[in-house]
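A short write-up of the structure that comes next.
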Amino acid sequence: MKPLSLLLSIAFTFFCFQSNAQSATEKDIAAIRQAYAQINSMKLQPEKFTYEAEGCVEEGVVTYYRNKNAIVKIVESGSIGDGSWKTEYYYQAGKPVFVLESLVGGPAEGAATRSEYRYYFKDDQSLRFMDGKNINTEKSSKISEALKHAYGYLKAYESKAFAGVACE
């Protein structure tokens with residue numbers, strides 16, 4: 001009888017631990033969504049820059065949004081050939097917390113395809129990656145790329161080397 005109650009005890013403990021971890025993640029994501037809404041409701045100071053890089057970006061635009069002296073949002077967009085993108089980066093205390101990426105592309109003739117990706121971060125760790133409305137549970141190289149670009153554009157503010165970030 002003791003092995004069965006030990007097994008049940010371990011299973012119950014595992015279930016509770018997993019449930020608490022999911023609950024903490026959901027709370028973190030709710031806090032990120034609240035920060036997103038707050039940032040977008042604020043009167044921010046925009047600063048816009050344009051750039052191009054042959055073979056990589058046509059009509060590139062990077063807009064930095066400040067709340068007082070802190071950059072809290074960066075919007076980067078551009079196009080190449082028949083494709084275009086817009087990526088929004090959101091920051092708290094100098095760290096990326098949310099990235100929203102929208103892509104549109106397709107052949108010169110025919111329907112364009114649209115893709116949207118959402119990345120949620122806490123302390124430089126991925127909390128959630130969404131492909132459209134679907135939560136993607138696989139570790140994707142897109143997650144590390146989004147985090148790398150979030151820091152890259154933050155750093156590029158000083159040097160204005162935006163193509164270096166976009167074309168890596």
Side-chain angles (χ1 to χ4, degrees), residues 28-136 138-168:
D28 289 337
I29 289 172
I32 291 168
R33 288 179 174 154
Q34 184 178 12
Y36 168 89
Q38 180 183 14
I39 289 169
N40 283 318
S41 70
M42 299 167 80
K43 185 163 178 69
L44 301 172
Q45 303 161 349
E47 192 172 0
K48 185 176 184 178
F49 302 94
T50 59
Y51 72 100
E52 290 194 15
E54 190 173 330
C56 178
V57 178
E58 299 168 359
E59 302 174 14
V61 178
V62 182
T63 306
Y64 291 83
Y65 295 88
R66 292 178 176 276
N67 180 25
K68 299 179 184 166
N69 288 330
I71 294 171
V72 294
K73 179 180 175 180
I74 300 172
V75 177
E76 190 270 337
S77 62
S79 63
I80 186 73
D82 293 329
S84 64
W85 65 89
K86 178 181 175 185
T87 308
E88 300 176 24
Y89 302 91
Y90 293 84
Y91 302 85
Q92 284 186 317
K95 289 187 174 230
V97 293
F98 180 67
V99 177
L100 175 60
E101 180 181 23
S102 302
L103 309 168
V104 178
E109 294 182 23
T113 58
R114 297 181 186 277
S115 301
E116 182 177 275
Y117 303 98
R118 294 169 185 256
Y119 309 83
Y120 296 83
F121 296 103
K122 181 177 181 183
D123 296 327
D124 297 334
Q125 298 298 312
S126 174
L127 294 174
R128 180 174 288 166
F129 168 54
M130 296 181 69
D131 181 349
K133 301 269 185 210
N134 302 316
I135 296 173
N136 191 327
E138 296 177 23
K139 287 292 180 190
S140 170
S141 61
K142 290 184 73 54
I143 296 168
S144 57
E145 183 179 310
L147 191 60
K148 180 176 154 184
H149 284 167
Y151 278 115
Y153 284 112
L154 198 57
K155 187 176 178 183
Y157 178 77
E158 296 299 324
S159 65
K160 310 302 184 254
F162 310 117
V165 178
C167 302
E168 300 186 315

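This one's a predicted model, so the numbers in the text were calculated from it and none came from an experiment.
- In this structure, the separation between CD1 on I74 and OG1 on T87 is 11.0 Å, given to the nearest 0.5 Å.
- Listed by chain and number, the residues in a side chain to side chain donor-acceptor pair (under 3.5 Å) with Q92 amount to none (sequence neighbours excluded).
- The side-chain heavy atoms of R118 and F98, taken from C-beta on, include a pair separated by under 4.5 Å.
- Counted within 6.0 Å of CZ on R114, heavy atoms from surrounding residues, nucleotides or ligands total 12 or fewer; the atom is thus considered open.
- For T113 (side chain) and G105 (main-chain N/O), a donor-acceptor pair under 3.5 Å exists by modelled atom type.
- Among all heavy-atom pairs drawn from A156 and F162, the shortest one is O-CE2, 3.8 Å.
- Here the shortest heavy-atom pairing between L147 and D124 reads CD2-O, 3.5 Å.
- In terms of heavy-atom proximity, K95 sits nearest to D123 at NZ-CA, 4.3 Å.
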Show me, pair by pair, the donor-acceptor contacts under 3.5 angstrom made by side chains of residues 57-64, not counting sequence neighbours?
{"from": "Y64", "atom 1": "OH", "to": "Y153", "atom 2": "O", "distance (Å)": "2.5"}
{"from": "Y64", "atom 1": "OH", "to": "Y157", "atom 2": "N", "distance (Å)": "3.4"}

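- In this pair, Y119 and Y117 present their aromatic rings tilted. The plane angle is within the 30 to 60° band.
- In terms of heavy-atom proximity, C56 sits nearest to I80 at O-CB, 3.6 Å.
- Listed by chain and residue number, nothing satisfies the side chain to side chain donor-acceptor pair (under 3.5 Å) test with Y89 (two or more places apart in sequence, or in another chain).
- Atom OG of residue S79 and atom CH2 of residue W85 lie 6.0 Å apart, to the nearest 0.5 angstrom.
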Please report, to 0.1 Å, the donor-acceptor pairs under 3.5 Å made by any side chain of residues 125-132, with sequence neighbours excluded.
{"from": "R128", "atom 1": "NH2", "to": "E26", "atom 2": "OE2", "distance (Å)": "2.4"}

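- Within 6.0 Å of the NZ atom in K86, the count of heavy atoms belonging to other residues, nucleotides or ligands does not exceed 12.
- Side-chain atoms of Y51 and E76 form a donor-acceptor pair, as typed in the model, at a separation below 3.5 Å.
- Within a 6.0 Å sphere centred on CD of E168, heavy atoms belonging to other residues, nucleotides or ligands number more than 12.
- Interatomic distance, OG of S115 versus CD of E101, reported as 8.5 Å (0.5 Å rounding).
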Contacts table for residues 33-40: side-chain donor-acceptor under 3.5 angstrom, sequence neighbours left out:
{"from": "R33", "atom 1": "NE", "to": "Y120", "atom 2": "OH", "distance (Å)": "3.4"}
{"from": "R33", "atom 1": "NH2", "to": "Y120", "atom 2": "OH", "distance (Å)": "3.4"}
{"from": "N40", "atom 1": "OD1", "to": "K73", "atom 2": "NZ", "distance (Å)": "2.8"}
{"from": "N40", "atom 1": "OD1", "to": "Y90", "atom 2": "OH", "distance (Å)": "3.4"}
{"from": "N40", "atom 1": "ND2", "to": "Y36", "atom 2": "O", "distance (Å)": "3.2"}
{"from": "N40", "atom 1": "ND2", "to": "Y90", "atom 2": "OH", "distance (Å)": "3.1"}

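- K155 meets the salt bridge (charged side-chain N to carboxylate O under 4.0 Å, His left out) test with no other residue; sequence neighbours excluded.
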